[in-house]
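This report refers to the structure that appears directly beneath it.
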There are 2 protein chains.
Amino acid sequence: MPKLVDHAARRAEIAAAVQRLIDHEGLDGVTVAKAAATAGISVGQVQHYFASKDALLEATYRQVVERMGARVQAAVRESVTERLPIRAVVTRALREYLPLDAASASDHRVSLAFLGRTTANPDLAGLHTETLAATRGQLALAVHNGKECGEVPGDTDAKAAAARLFALTDGFALHLGAGLDPEETVETLREEVAAVFPGRCRQWK
Amino acid sequence: MPKLVDHAARRAEIAAAVQRLIDHEGLDGVTVAKAAATAGISVGQVQHYFASKDALLEATYRQVVERMGARVQAAVRESVTERLPIRAVVTRALREYLPLDAASASDHRVSLAFLGRTTANPDLAGLHTETLAATRGQLALAVHNGKECGEVPGDTDAKAAAARLFALTDGFALHLGAGLDPEETVETLREEVAAVFPGRCRQWK
DNA sequence: GTTTTTATCGTATGGCTATATTAATACCGT
DNA sequence: ACGGTATTAATATAGCCATACGATAAAAAC
């Protein structure tokens with residue numbers, strides 16, 4: 001057999017180049033030729049690793065979404081191993097959704113660019129809706145656990161509280177790029193979560 | 001002189017056709033030829049009313065933004081003439097930002113499509129940022145007035161409260177298209193505004 | 001060492017698009 | 001009625017882009 005190449009890694013590299021390109025020239029500015037130039041390879045090589053331009057863009061989007069999810073999961077795992085209260089876990093998790101550093105800001109911009117295409121692309125819209133629903137579900141579960149644990153009052157509507165916190169976070173993420181102070185925003189988000197989780201856990205989980 | 005044509009009205013008609021086109025095929029699916037076909041006119045006529053495709057899209061976006069703003073302003077004016085408390089005025093105004101009916105949902109989708117292009121278009125990004133800042137400023141003013149009037153506690157940070165309510169509203173608007181219950185959402189928004197404006201106005205303004 | 005499979009590259013091409021241009025039309029003031 | 005101009009239609013053009021294709025290199029298998 002010929003030269004051995006890690007296909008997945010190469011695809012990831014190319015997708016990363018496409019992300020830089022989107023960041024710089026927008027989703028519409030992406031052409032296969034420019035993607036190849038950004039990645040420092042030939043057009044033919046891009047074609048070798050992606051069957052079509054659509055496949056290339058889909059892989060790029062998937063990579064961005066996965067990285068955003070991974071950031072949140074990492075924050076959750078870290079908080080859980082530190083035996084922090086659910087309130088703190090949720091606060092850290094939601095904080096990870098905000099475009100506070102360069103990397104997550106780029107991810108957010110790119111995911112926003114794709115979001116603008118959901119209008120005419122049912123597949124993309126479906127993926128987006130599913131992702132939102134999953135996140136909202138996890139958040140609702142956290143609130144529910146908070147009720148069982150004693151951090152959240154018993155009369156709280158877990159689903160409504162989750163929807164509210166999530167919408168607030170996404171709204172902040174949207175507005176952060178447009179003249180909102182990061183520190184104040186994070187502080188407000190912290191207070192909002194604290195308002196939903198006012199109690200203390202009765203037992204160590 | 002020749003045929004008299006209301007330029008502004010004709011431009012608005014064409015822009016409305018472009019909006020339908022964006023709604024159906026996405027912002028990328030817009031071509032001058034399709035725009036002409038959707039509007040039921042020739043390509044040459046589109047060229048006559050818009051110097052370039054960019055100008056056509058900009059006019060469309062501007063029309064959408066203006067209509068969204070007008071809806072809010074109308075709600076505010078109506079509420080004010082009814083001598084409603086500021087709380088009710090703000091509630092109605094924010095409610096108008098949500099894509100609850102077909103028209104505002106279309107406007108929201110289209111503005112989202114344009115938002116996805118702010119990545120690479122500084123002019124568009126600037127316009128968007130300004131619009132957000134203006135809205136946030138108006139909202140902060142409403143909260144400030146509420147403090148003077150007695151509806152809002154004196155220790156409320158008007159700017160922070162405005163930023164929070166606005167982000168929440170925009171977040172809800174974003175999530176409404178993806179599996180959020182409209183009625184519950186409106187109710188939650190109403191409660192949130194009520195929480196910021198818990199008092200009663202001391203005097204009739 | 002030959003063969004076969006994979007990787008990479010450069011170029012060709014067919015289609016689509018924005019826009020320029022040219023010609024035709026219709027209406028108004030006089 | 002009629003010239004002139006705003007308006008409309010139709011066509012031409014030049015550029016760009018995704019994708020197809022062919023050629024070359026390289027490395028494993030035997």
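None of the values given here were measured: they were computed from a predicted structure. Letters A, B, ... are given to chains in the order of the sequence lines, protein chains preceding strands, and every chain is numbered from 1.
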Subject >> Contacts of R117(A) that satisfy side chain to side chain contact (heavy atoms under 4.5 Å, CB included) - sequence neighbours left out >> reply: L27(A), D28(A), L57(A), L124(A), D28(B)
Original post:
Is it true that a side-chain atom of K147(A) and a backbone atom of T156(A) form a donor plus acceptor pair closer than 3.5 Å?
Top reply: yes
**OP:** With the side chain of H48(B) defined as its heavy atoms from C-beta on, choose the nearest nucleotide among dT8(D), dT19(C), dC9(C).
**Re:** dT8(D)
Original post:
Do the charged groups of E184(A) and K159(B) touch, with an N to O distance under 4.0 Å?
Top reply: no
Original post:
When rounded to the nearest 0.5 angstrom, what distance separates CD in Q138(A) from CZ in F166(A)?
Top reply: 10.0 Å
**OP:** Using a 4.0 Å cut-off on protein heavy atoms (strictly under), produce a 5'-to-3' string for nucleotides 10-17 of chain D with B for base contact, S for backbone-only sugar-phosphate contact, and - for none.
**Re:** B------S
Subject >> Check against side-chain hydrogen bond (donor to acceptor under 3.5 Å, both in side chains), S106(B) and Q19(B) >> reply: CA-CA 8 Å; S106(B) 168; Q19(B) 177 168 359; 3.0 Å; yes
**OP:** Could you state the atom-to-atom distance from CG of D54(B) to P of dT17(C) in whole Å?
**Re:** 16 Å
**OP:** Please check if the side chain of R11(B) supplies one atom and the backbone of Y49(B) the other of a donor-acceptor pair under 3.5 Å.
**Re:** yes
Original post:
In whole Å, what is the span from the CD atom of Q45(A) to the P atom of dT24(D)?
Top reply: 19 Å
Original post:
What is the distance from atom CD of E148(A) to atom NE2 of H144(A), rounded to the nearest 0.5 Å?
Top reply: 4.0 Å
**OP:** Using a heavy-atom cut-off of under 4.0 Å over every strand shown, decide if Y49(A) touches base, sugar-phosphate, or nothing.
**Re:** sugar-phosphate
**OP:** List in numerical order all residues of residues 7-16 of chain A for which some heavy atom is under 4.0 Å away from an atom belonging to DNA chain C.
**Re:** H7(A), R10(A)
Original post:
So, E66(A) and R62(A), do they make that salt bridge, N to O below 4.0 Å?
Top reply: no
